[in-house]
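Before any comments, here is the structure.
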Number of protein chains: 2
Amino acid sequence: MDRLQIHIVISEELYTKNPESSELGKKIVSRSIEMIDELGFEAFTFKKLGQSIGSNESSIYRYFESKHMLLVYLICWYWSWIEYKLVFATTNIQSKEEKLSAAVEILTRKVDVDNSFSYVNEVILNRIIIAESSKAYHTKDIDTENEKGYYKVYKRVVQRVSNMVKEINADFDCPQMLISTVIEGAHQQRYFSEHLPSLTNVQEGKDTIVQFYNNLVFKVIN
Amino acid sequence: MDRLQIHIVISEELYTKNPESSELGKKIVSRSIEMIDELGFEAFTFKKLGQSIGSNESSIYRYFESKHMLLVYLICWYWSWIEYKLVFATTNIQSKEEKLSAAVEILTRKVDVDNSFSYVNEVILNRIIIAESSKAYHTKDIDTENEKGYYKVYKRVVQRVSNMVKEINADFDCPQMLISTVIEGAHQQRYFSEHLPSLTNVQEGKDTIVQFYNNLVFKVIN
DNA sequence: TATTTTTCAATAGTATTACTATTATATTTG
DNA sequence: CAAATATAATAGTAATACTATTGAAAAATA
């Protein structure tokens, strides 16, 4: 049977020319994901990317205004994809608790199967989100970029899960704070477990991070 | 009465020449804190810093190998200072719960009085930690830098508070995970409350962030 | 005191980076 | 087939992070 074909649509402000509109555009996205993961965001340049895909540096600027904007694009793509996963995994679950628990799992687990989209490797993209995404919003331009709506998908994901929290406990005052703590915390713990292990308590085999944050959420809201 | 004079000692690996050893060195540290806060880490350069303190760019390289190393130095300074605050604020507290609560407050509150050290403004430094510190360890060199001990003070702070958790509940499996989640979460929430407020639930007047994480800690460990 | 050694910081650079202006080549349209 | 448009390559520029070298001041030694 054919796989369900869905399509991630990215807001026009995030690119100069839609990378989905040409083969070169898709190559830019897919190869940039691999290269940012390999080199890190600082050492990654449009020049290197151009060389690697047999194209010119300046051609890449036709698609993305800067490497910062490319990162913002990738982040937006990731959260759009997570939002789809989230909605798909939580609709038709009757129990409010099970629903929230499924949502927390989606937000905190490691992505390890590259499943749906031809030119985007979600496994690698997940690693980029963990290691590099904070660099996108920790800049002096955050306020104007936020006004332009660059982070609205991420905020919508937080809002969706916050609503699930509110359904379980309408009196709980800080659902957004809790959910954004869980998302960012899980990413950070995954990074720490690889590079600064004494800041975590990750055990072999089971996914300690998913369990820890699932437990945390339910203890805090009750 | 004279103020208690204490002294933050920074490990030698973090600088080329000890900035405390000369007036220029102290000026570099104190003015760099102001400029990183004003310009952001990306736009901050040694050239601009040199111009601002009436000195040459290359003179600054005598003290710090790179702007990255200067940031690592500042982060280390900050956590050494927090460690001092932490020990000072928690010794002689009998109740284990009160002790942990005092520690969590130290870790999550906003620094708003520049109190003890002549050439370091802790209020501004706290803002730098919140906005820029993740850029120090989200690099490809993290593993070698961690081996060299660049982050050992931070890890020691986490360990100290984790021990307090263990004293209250020896069966709790993930104290480091909890405490690093709290520290990083509180910083992130403070940043969000200023720039991406829909990810938080910060209210006027009271310090919601301190309350939230204090409540979280005790709910999770019991 | 004289001389050597060391410390210190300024000058003047280089290599690299992010980004842009212009030109050449396809492709589409009338 | 010609004009208009889309596309990408060439060849830049300005700024940045960092370095090599030199000259002067301070300190140590004879």
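Below, chain A is the first sequence line, B the second, and so on; all start at residue 1.
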Q. Taking C-beta and beyond as the side chain, do A:Asn121 and A:Glu34 meet within less than 4.5 Å on heavy atoms?
A. no
Q) Looking for any heavy atom pair under 4.0 Å, which part of the strands does B:Ser22 touch: base, sugar-phosphate only, or nothing? A)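 Contact class for B:Ser22: none.
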Q: Tell me what B:Phe64 touches on the nucleic acid: a base, only sugar-phosphate, or nothing, going by heavy atoms under 4.0 Å.
A: nothing
Is it the case that [X] and [Y] place a side-chain donor and acceptor less than 3.5 Å from each other?
{"X": "B:Glu20", "Y": "B:Tyr119", "value": "yes"}
{"X": "B:Thr139", "Y": "B:Asp141", "value": "no"}
{"X": "A:Ser180", "Y": "B:Gln189", "value": "yes"}
{"X": "B:Asn163", "Y": "B:Gln159", "value": "yes"}

(Q) Would you say NZ of B:Lys110 has more than 12 non-hydrogen atoms from neighbouring residues, nucleotides or ligands within 6.0 angstrom? (A)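 No, not enclosed.
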Q.
So if I take residues 27-35 of chain B and measure heavy-atom distances to DNA chain D, which residues fall below 4.0 Å?
A. none
Q. How long is the span from the SG atom in A:Cys76 to the CD1 atom in A:Ile8, to the nearest 0.5 Å?
A.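 Taking SG in A:Cys76 and CD1 in A:Ile8, the distance rounds to 9.0 Å.
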Q | Closest to the B:Ser55 side chain, choosing from C:dA10, C:dT17, D:dT7 | A |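 In terms of side-chain proximity for B:Ser55, the closest of C:dA10, C:dT17, D:dT7 is C:dA10.
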Q. In whole angstroms, how far is the C1' atom of C:dT17 from the CG atom of A:Leu49?
A.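 From A:Leu49 CG to C:dT17 C1': 15 Å.
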(Q) Out of the candidates A:Val158, A:Asn146, A:Asp143, only one should pair with B:Leu196 under the side chain to side chain contact (heavy atoms under 4.5 Å, CB included) rule; please name it. (A)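 Looking at A:Val158, A:Asn146, A:Asp143, the match for B:Leu196 under the side chain to side chain contact (heavy atoms under 4.5 Å, CB included) is A:Asn146.
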Q: Sugar-phosphate atoms are those with a prime plus P, OP1 and OP2; base atoms are the rest. Using that split, label each nucleotide of nucleotides 17-24 of chain D B, S or - for protein heavy atoms under 4.0 Å, 5' to 3'.
A: SBB-B---
